[in-house]
**Student:** 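What follows is a structure written as structure tokens; I'll ask about it next.
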Amino acid sequence: MSQSQTKDENNLNQKNSNDGLDPNWRNDALDLGLDYGMQTIAVRAGQHRTDEGEHSEPIFTTSSYVYRSAADAAAHFDGTKTGNVYSRHTNPSVRTFERRLAALENGERAVATASGMGAILTMCLAYLKAGDHLLAANQLFGSSIGLFNNYMAKFGVEVSYVDCFDNEAWANAVQPNTKVIYCESPSNPLAQICDIGYLSQLCKANDILLVVDNCFATPALQRPLDLGADVVIHSATKYLDGQGRVLGGALVGSDKLMQEAFTVVRSGGISMSPFNAWVFTKGLETLKLRMQAHCQNANQVAEFLVNHPNVSTVHFSGLSDHSAHELATRQHHMKDGYGAIMGFEVKASDSLDTKEAAWHVIDSTQMVSITNNLGDAKTTITHPATTTHFRLTAEARAEAGVKDGLIRLSVGLEDVEDIIKDLARGLDSL
């Protein structure tokens with residue numbers, strides 16, 4: 001080893017000892033202080049290049065890490081030095097995804113989890129305790145309601161629900177022990193819109209955390225933190241990947257709030273795998289471009305559905321006469337970007353009730369995938385009352401607006417004419 005190499009290493013070690021950071025926790029391939037645009041951030045943010053000089057992000061498939069000495073190991077474990085300890089805690093591939101997503105959401109930090117539901121569970125464990133009250137929207141993914149009702153309530157958290165679009169109902173439902181307000185905007189499966197700005201004011205006035213599931217919009221369309229939310233939740237499984245390949249979730253917010261979430265993930269093992277994190281990182285590179293194409297297709301599909309004689313209602317805020325169209329236009333920063341998830345209700349026919357009619361439309365498709373996943377390049381279709389929300393009581397489904405004739409559609413990236421023709425097969429034959 002040359003004297004210059006020894007000197008350089010000594011300088012680096014001295015710098016590390018001064019700030020308590022390993023260099024790979026300090027360096028980023030993109031200087032976010034230079035005010036880059038969203039697409040540039042999506043392609044380049046968060047990466048730390050190793051000494052190999054790789055251009056694409058590597059996958060760090062390692063469970064543990066090697067220290068320079070016993071003292072170095074001790075410093076990592078007692079927190080004197082920040083760096084990798086174990087991949088249940090941190091992993092370079094996961095960290096790249098977290099950094100990039102946080103930058104896209106304008107958050108200080110992100111914490112990745114093994115699934116979207118893992119992110120919601122992490123939120124509950126980090127910010128709620130026995131005796132607290134969780135106030136949520138009626139219009140939620142069925143598994144989220146199941147988690148709140150069956151498990152958080154079991155451990156002493158009080159849970160109640162209101163219509164997501166009724167601001168007066170939100171205000172009236174706040175209690176002295178309300179600690180979290182939770183909503184999806186747009187919601188699953190009716191794509192309903194919450195007034196995030198109003199909810200932020202309500203939460204700040206009552207010392208409540210506002211948590212917004214941004215899964216359907218993604219930061220390409222909407223940044224809830226900019227609108228006043230405290231925490232953003234993602235099922236990365238959906239649009240952040242965009243091709244239905246792997247499971248994952250994430251929370252984004254302030255350093256303080258994310259440290260609480262990180263502690264839950266570290267202790268509970270709700271960790272994202274390095275391979276999945278790499279897939280999501282690559283998915284973020286095309287997120288904005290994909291969402292533009294998804295939204296363009298969805299706008300045309302919604303116009304087709306709203307004009308079809310066998311469709312009674314289309315739940316999609318991109319329609320100019322939708323009750324939340326103005327609010328969605330204000331909250332979504334992409335022009336004509338209202339997401340690509342919609343619900344539509346079919347009419348009964350002479351021989352079929354509404355459930356049978358909905359199943360007929362679904363079963364008549366030849367290209368569209370009959371699956372409960374969404375946010376995929378492939379268009380998907382499902383019957384919420386008997387799939388995603390079937391575990392709810394009939395009363396709970398009614399409160400959420402999940403009727404027997406409701407179909408949820410996730411509009412993909414195929415030629416929009418082909419999507420419309422596939423849906424018309426069943427609708428035209430009712």
**Student:** Using salt bridge (charged side-chain N to carboxylate O under 4.0 Å, His left out) as the criterion, list what pairs up with Asp213, not counting sequence neighbours.
**Tutor:** none

**Student:** Thr62: which residues meet the side chain to side chain donor-acceptor pair (under 3.5 Å) condition with it, sequence neighbours left out?
**Tutor:** none

**Student:** Using a cut-off of 6.0 Å, state whether more than 12 heavy atoms not belonging to Gln175 lie near its atom CD.
**Tutor:** yes

**Student:** Under the side chain to side chain donor-acceptor pair (under 3.5 Å) test, which residues partner Glu345, sequence neighbours left out?
**Tutor:** His315

**Student:** Report yes if some heavy atom in the side chain of Pro219 is under 4.5 Å from a heavy atom in the side chain of Leu287; otherwise report no.
**Tutor:** yes

**Student:** Between Phe97 and Phe280, what is the ring plane arrangement, given parallel below 30°, perpendicular above 60°, and tilted in between?
**Tutor:** tilted

**Student:** Is it possible for you to check whether Arg109 lies under 6.0 Å from the centre of the six-membered ring of Phe262, through NZ or CZ, and within 45° of that ring's axis?
**Tutor:** yes

**Student:** Counting heavy atoms not belonging to Lys403, are there more than 12 under 6.0 Å from its NZ?
**Tutor:** no

**Student:** Tell me, please, which residues at least two apart from His234 pass side chain to side chain donor-acceptor pair (under 3.5 Å).
**Tutor:** Glu105

**Student:** Can you sort out the partners of Asp376 under salt bridge (charged side-chain N to carboxylate O under 4.0 Å, His left out), two or more places apart, ordered by chain and number?
**Tutor:** none

**Student:** Would you indicate whether Asp321, at its atom CG, is surrounded by more than 12 heavy atoms from other residues, nucleotides or ligands within a distance under 6.0 Å?
**Tutor:** yes

**Student:** Just to verify, what does Glu399 make a salt bridge (charged side-chain N to carboxylate O under 4.0 Å, His left out) with, not counting sequence neighbours?
**Tutor:** none

**Student:** Tell me whether Phe304 at atom CZ has more than 12 heavy atoms from other residues, nucleotides or ligands lying less than 6.0 Å away.
**Tutor:** yes

**Student:** Could Lys238 and Asp241 be called an ion pair, given the rule that one side-chain N must be under 4.0 Å from one carboxylate O?
**Tutor:** no

